[in-house]
Amino acid sequence: MLTQIFNARILTPQGWLKNGSVLIRDNKILEVINCDLPVVGATLVDAKGMYIVPGGVEIHVHGGGGRDFMEGSEDAFRAAIKAHMQHGTTSIFPTLSSSTIPMIRAAAATTEKLMSETDSPVLGLHLEGHYFNMKMAGGQMPENIKNPDPEEYIPLLEDTHCIKRWDAAPELPGAMQFGKYITSKGVLAAVGHTQAEYEDIYTAYQVGYTHATHFYNAMPGFHKRSGYKYEGTVESIYLMDDMTVEVVADGIHVPPTILRLVYKIKGVEKTALITDALACAASDSKEAFDPRVIIEDGVCKLADRSALAGSIATMDRLIRTMVQKAEIPLEDAVRMASETPARIMGVADRKGTLEKGKDADILALDEDLNVRAVWSMGKIVEGTNTLF
């Protein structure tokens, strides 16, 4: 089956293409062409002058549609994934907050089942914890937090093949050995929920920690101790030129001015946008998996209001926030939601840009940057075909 999306402003790696077309055959992009004349035999889709951009690659998301990935069940996974796909996510790495080993194994089994399905949007599992600094636990469940334990993580990575990213606080005992081991298995090592200063971050980077979890959140910045000033985790990460970062671009976790600062210093190619969304995202639900969490002011918080606990954002909101509040060009906001996370997670050979031979993961956005259509592996996502 051949589909032609025409009459669009198409974002290509070379920039915007006007009056062009995207040709889709089955689940792949057959070609992006500088012509909008109808192709013989193609099903025609008139984009009505809208933006046609790559689908979002979500590398940090805990749930949605009223369900949380910590539930571990296939039903919960499918409900959360469907909810986010309707808002522009076409590739997803389900994320677990600090969990027990049985919870991780249950989620891994579900992830592996979904990954094995044809044209699945699920590309792997992300473990946010549980090897974190207790003082920076934030919205994490404190009863699950501990130091890295090779008797846990080695068997887990030996027995599974879906874990693609694992976050830890590098200052913990055993964290360097943990980083070396997981990166040797092809797992992205990220620093998060940490009080690390420069030497910790520098050493961590040397052993393989190349990414920062929800940059600016659950990590200190420049601070004073006993009268002397010290760099924080934030400044230390800025000084690691090749270290990538992700930001919760809901405009609340990180204010628009700081989003603009991250963009200015780290740049498009080192910055990914994430939702860090909880179960209540993309739903009418007011409850999170963690009973301590409330929704207030458009964000999830611990009930005592001591810390943010996740967002209710979706992929389209990230793009709108970056453009409309942080005043960043649309093409750069989209790249940070698609191309950069795809490269960080090692899937840029098939995801993240609109190019010949890549997976047909495509969004149509109107002038207000609302989602009007989503194609995942060449198929329209149910509930998003408002172009037609």
Side-chain angles (χ1 to χ4, degrees), residues 1-59 85 88-93 115 117-124 164 267-273 315-316 319 329-366 369 371-381 384-385 387-388:
M1 180 178 173
L2 181 65
T3 300
Q4 180 182 6
I5 304 171
F6 71 101
N7 186 19
R9 288 170 281 183
I10 303 165
L11 182 60
T12 74
Q14 293 75 39
W16 291 105
L17 176 63
K18 296 181 180 179
N19 302 318
S21 299
V22 179
L23 300 179
I24 304 169
R25 174 166 286 158
D26 299 324
N27 61 2
K28 298 288 184 181
I29 296 173
L30 181 65
E31 196 69 78
V32 180
I33 58 175
N34 190 20
C35 176
D36 61 4
L37 295 174
V39 172
V40 176
T43 299
L44 301 179
V45 177
D46 184 354
K48 302 173 183 176
M50 294 183 190
Y51 301 108
I52 296 295
V53 302
V57 179
E58 175 63 274
I59 64 175
M85 291 183 73
T89 294
T90 53
S91 300
I92 192 165
F93 291 83
M115 288 175 71
E117 296 177 353
T118 302
D119 293 343
S120 175
V122 181
L123 303 186
K164 303 298 183 183
V268 175
E269 295 185 355
K270 296 289 189 296
T271 306
L273 308 184
M315 186 62 68
D316 50 345
I319 294 171
L330 175 60
E331 57 268 29
D332 288 346
V334 169
R335 288 180 66 198
M336 289 187 282
S338 53
E339 178 186 333
T340 301
R343 190 171 56 253
I344 289 169
M345 296 306 301
V347 296
D349 59 325
R350 61 190 193 276
K351 304 287 185 182
T353 55
L354 301 183
E355 292 180 88
K356 180 178 180 178
K358 289 201 173 184
D359 293 342
D361 294 342
I362 302 169
L363 306 185
L365 302 175
D366 63 21
L369 307 182
V371 171
R372 298 293 298 276
V374 181
W375 289 263
S376 174
M377 299 297 286
K379 300 180 182 67
I380 279 282
V381 173
T384 70
N385 54 346
L387 268 175
F388 313 117

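Only this structure's heavy atoms are used, side chains among them; waters, hydrogens and symmetry mates stay out.
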Do T43 and M1 pass the side-chain contact (heavy atoms from CB on, under 4.5 Å) test, and can you show the C-alpha distance, the side-chain angles, and the key distance before you say yes or no? CA-CA 8 Å; T43 299; M1 180 178 173; 3.8 Å; yes
Which is it for I29 and D359 under the side-chain contact (heavy atoms from CB on, under 4.5 Å) test, yes or no, and what are the steps along the way? CA-CA 6 Å; I29 296 173; D359 293 342; over 6 Å; no
Checking side chain to side chain donor-acceptor pair (under 3.5 Å) for the pair T353/E339: CA distance, chi angles, key distance, verdict? CA-CA 6 Å; T353 55; E339 178 186 333; over 6 Å; no
Begin from the C-alpha positions of T90 and V57 and carry the test side-chain contact (heavy atoms from CB on, under 4.5 Å) through to its verdict. CA-CA 6 Å; T90 53; V57 179; 5.5 Å; no
Taking it one step at a time, do T271 and T340 satisfy side-chain contact (heavy atoms from CB on, under 4.5 Å)? CA-CA 7 Å; T271 306; T340 301; 5.6 Å; no
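The shortest distance between side-chain heavy atoms of L11 and W16 falls below 4.5 Å. For the pair F93/E58, no side-chain contact is recorded, criterion being any heavy-atom separation below 4.5 Å from C-beta on. Put simply, the side chain of V22 reaches to within 4.5 Å of the side chain of I10, judged on heavy atoms. Side chains of L2 and I24 form no contact here, defined as non-hydrogen atoms less than 4.5 Å apart. For the pair K28 and K358, the minimum side-chain heavy-atom distance is 4.5 Å or more.
Between D36 and G20 the shortest heavy-atom distance is CB-O, 3.9 Å. In plain terms, the two heavy atoms of V381 and S376 that are nearest each other are CG2-CB, 3.9 Å. Heavy-atom minimum distance, M336 versus V268: CG-O, 3.8 Å. Here the closest non-hydrogen pair linking D361 and M377 is OD1-N, 2.8 Å. For the residue pair A342 and G352, the shortest heavy atom distance occurs at CB-CA, 4.0 Å. Nearest heavy atom pair, residue L273 against residue A333, reads CD1-O, 3.6 Å.
Taking CD1 of I52 as the start and CG of L363 as the end, the distance is 8.5 Å to the nearest 0.5 Å. With values rounded to the nearest 0.5 angstrom, L369 atom CG is found 5.5 Å from L330 atom CG. Note: M315 CE to M85 CE = 11.5 Å, rounded to the nearest 0.5 Å. Rounded to the nearest 0.5 Å, atoms OH (Y51) and CZ (R9) are 4.0 Å apart. Taken from CG in N34 to NZ in K18, the straight-line distance is 12.0 Å, to the nearest 0.5 Å. Rounding to the nearest 0.5 angstrom, the gap separating the CG atom in L354 from the OG1 atom in T12 is 8.0 Å.
With hydrogens and angles ignored, the 3.5 Å screen pairs no side-chain donor or acceptor of K351 with any backbone N or O of G56. With hydrogens and angles ignored, the 3.5 Å screen pairs a side-chain donor or acceptor of D46 with a backbone N or O of K48. At distances below 3.5 Å, not a single donor-acceptor pair connects side-chain atoms of T89 with backbone N or O atoms of S91. A donor-acceptor contact shorter than 3.5 Å links the side chain of T384 to the backbone of V374. In terms of modelled atom types and a separation under 3.5 Å, the side chain of Q4 and the main chain of V39 share a donor-acceptor contact. For D316 (side chain) and G88 (main-chain N/O), no donor-acceptor pair under 3.5 Å exists by modelled atom type. In this structure, R343 contributes its side chain and E269 its backbone to a donor-acceptor pair below 3.5 Å. Between the R25 side chain and the T3 main chain, no donor and acceptor come within less than 3.5 Å of each other.
Checked by atom type, the side-chain pair D119/N27 shows a donor-acceptor distance below 3.5 Å.
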